[in-house]
Amino acid sequence: MDALSNRMARLSSVADDKKLKLQEILQPLYLSEETIKRIMDTMEEQMRLATSKDEATRKKSDILMAITHVRCLLDGRENGDFLGLDLGGTNFRVVHVNLKDGVATTNTKYYSLTEEVLCGPCAGVFDFIALSIEDFLKQENLITSEQKLPLGFTFSFPSTQIALNSAILLTWTKSFKCPDGVGQDSVKLLEEAISRKSPNLPVDIVAVMSDTTSTLMAGNYLDKKCRIGVILGTGSNAAFVEHLENIEKYTGDFKEPKQVLVNVEWGCMGDGGCLDFYKTEFEKEVDQYSNHVNSFTFEKSFAGMYLGEFVRLVLVKLTNQGVLFNGQVTEELATRWKFTSGFVTEIDSDKGSDTTKTRQILEKIKVEKLATDEDVAIVREVCDFVVQRASYIVAAALAVLIRHVNLPEVTVAIDGSLYEHHPKFHNYMMELISQLNLHTQVKLILAKDGSGQGAAFAAVAGLRQKEENIVSA
Ligand code: BGC
């Protein structure tokens with residue numbers, strides 16, 4: 001990371017005593033090379049434990065390394081109409097994918113889930129999905145089809161994958177707080193909702209998967225060197241293509257292709273304490289007031305749901321210590337979760353001496369009258385620093401996967417609002433990856449809406465696996 005002394009030197013307009021205080025408050029957030037290496041070693045060890053054939057060993061790991069049952073990647077020769085669903089954030093997506101002669105034509109519609117549905121009984125969530133599919137099929141005139149449309153369902157919550165079309169929910173995450181649903185099969189819940197709300201829907205649920213899996217499928221359709229899918233949005237996670245012989249716990253067949261997509265579920269790394277070595281007071285406070293306390297430790301250091309709150313806590317501390325805004329914490333600044341990651345994206349979008357966007361955000365938190373030029377410069381530096389740290393943390397884990405995949409060239413498909421919209425995440429991630437000298441030529445690509453389109457691709461893969469009787473376990 002950029003040394004804090006260099007950062008302070010850049011703040012030429014800020015008084016020395018303030019710089020000293022600022023440096024002191026930011027120091028615990030600084031990631032040394034040694035800390036990065038320790039994050040990588042931890043991730044590697046967690047992966048090893050989680051793939052063991054011995055259950056007691058697996059339990060020592062916080063991450064899942066779930067075998068997704070997706071074995072086939074698309075080769076461009078597939079044809080037909082497929083549906084993808086994408087549930088994970090507050091926007092639910094239905095996607096129609098038409099495959100013809102190597103070209104995928106995609107049509108997507110977004111449906112917004114209300115706070116009430118997100119916090120109510122889970123039947124409400126699945127009813128909403130069933131009704132949205134019906135609405136989509138009607139609007140797209142797909143309801144007339146004689147045949148049922150094969151459907152892939154991206155369900156982005158940690159689940160135990162039983163079969164390609166069966167996954168048991170382990171916990172809700174992000175903004176979902178339904179009191180029930182845990183321990184139930186998401187495909188069954190959807191089928192029940194369809195029979196309740198729209199019994200004649202012409203769909204056949206072929207596959208259920210995490211958004212990382214579908215993003216990887218979508219990325220691989222664009223670029224055959226894509227072996228890893230990452231989500232960097234509200235939450236975060238990764239999936240990669242693994243050789244069957246590398247997964248000790250794998251008990252399925254060894255037919256070609258001798259590979260399966262593995263869903264890492266890295267968001268919960270650290271829940272058992274293995275990341276305590278870098279956790280700061282800010283991580284602890286973000287966690288304490290989050291929807292799911294004491295869980296999703298890793299994700300809370302950098303994902304979109306938490307990054308804004310993380311920055312807010314740093315700004316509040318700086319204000320309380322007299323470094324910012326004449327020591328006055330406004331009600332807006334004091335309100336938890338009000339400072340979103342979108343605000344951080346805006347602030348980091350100001351280029352050079354232009355401070356327009358930063359000032360607009362300061363207006364939103366009602367500090368614009370208190371904010372001097374010095375304050376504006378400090379706020380920008382804090383956002384940049386926290387974002388560099390966040391990007392390095394996620395890139396360190398990604399680097400372990402890249403090293404593990406062990407190919408001369410690897411493309412990583414990334415979907416998610418944080419990666420897509422934040423102007424610096426990509427560059428900072430690449431910065432760390434190149435510093436690490438992985439002996440792999442790495443390309444990070446945006447797979448926009450990949451998780452919806454890729455869900456349909458997984459349905460295609462599922463049909464082929466069924467035809468060829470390929471069984472994973
Ligand atoms: C969930 C993962 C998901 C990730 C990205 C996390 O909170 O646990 O299953 O892949 O968010 O959406």
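Atoms within a ligand are numbered from 1 in the order they appear, just like the ligands themselves. The structure presented is a predicted model; accordingly, all values stated were derived computationally and were not measured. We count residues from 1, following the sequence as given.
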Checking heavy atoms under 4.0 Å, the part of Phe157 that sits near ligand 1 is backbone
Is it the side chain (CB and beyond), the backbone, both or neither of Cys268 that lies under 4.0 Å from ligand 1, heavy atoms counted?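 None of Cys268 does.
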Between Glu78 and Gly76 (side chain of the first, backbone of the second, donor and acceptor by atom type, cut-off under 3.5 Å), is there such a pair? yes
Taking NZ, NE, NH1 and NH2 as the nitrogens, is one of them in Lys225 or Glu409 under 4.0 Å from a carboxylate oxygen of the other?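 Salt bridge flag = yes for Glu409 with Lys225.
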Tell me whether Asp41 is salt-bridged to Lys37, with the criterion being a basic N under 4.0 Å from an acidic carboxylate O.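 Counted as a salt bridge, because a side-chain N and a carboxylate O are separated by less than 4.0 Å.
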Check the angle between the aromatic planes of [X] and [Y] and answer parallel, tilted or perpendicular using the 30° and 60° thresholds.
X: Phe298; Y: Phe302; answer: perpendicular
X: Phe155; Y: Phe126; answer: tilted
X: Phe457; Y: Tyr221; answer: tilted

Residue, atom name and distance, where the atom is the protein heavy atom closest to [atom]:
atom: atom 9 (O) of ligand 1; value: Glu265 OE2, 2.6 Å
atom: atom 11 (O) of ligand 1; value: Lys174 NZ, 3.3 Å
atom: atom 6 (C) of ligand 1; value: Glu299 OE1, 3.1 Å
atom: atom 1 (C) of ligand 1; value: Ser156 O, 3.5 Å

Short list, please: which atoms of ligand 1 are under 4.0 Å from a heavy atom of [X]?
X: Asp211; answer: 3 (C), 5 (C), 10 (O), 12 (O)
X: Ser236; answer: 4 (C), 5 (C), 11 (O)
X: Ile231; answer: 5 (C), 12 (O)

For atom 7 (O) of ligand 1, which of the options Asn237, Thr171, Thr173 provides the nearest non-hydrogen atom?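 Answer by nearest heavy atom: Thr173.
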May I ask whether Pro158 has any heavy atom positioned less than 4.0 angstrom from an atom of ligand 1? yes
Any heavy atom of Gly88 sitting closer than 4.0 Å to ligand 1?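 Per 4.0 Å heavy-atom rule, Gly88 does not contact ligand 1.
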Quick one: list whatever passes side-chain hydrogen bond (donor to acceptor under 3.5 Å, both in side chains) with Glu256, sequence neighbours left out. none
Given Ile63, Thr42, Asn246, Val262, the one that forms side-chain contact (heavy atoms from CB on, under 4.5 Å) with Met47: Ile63
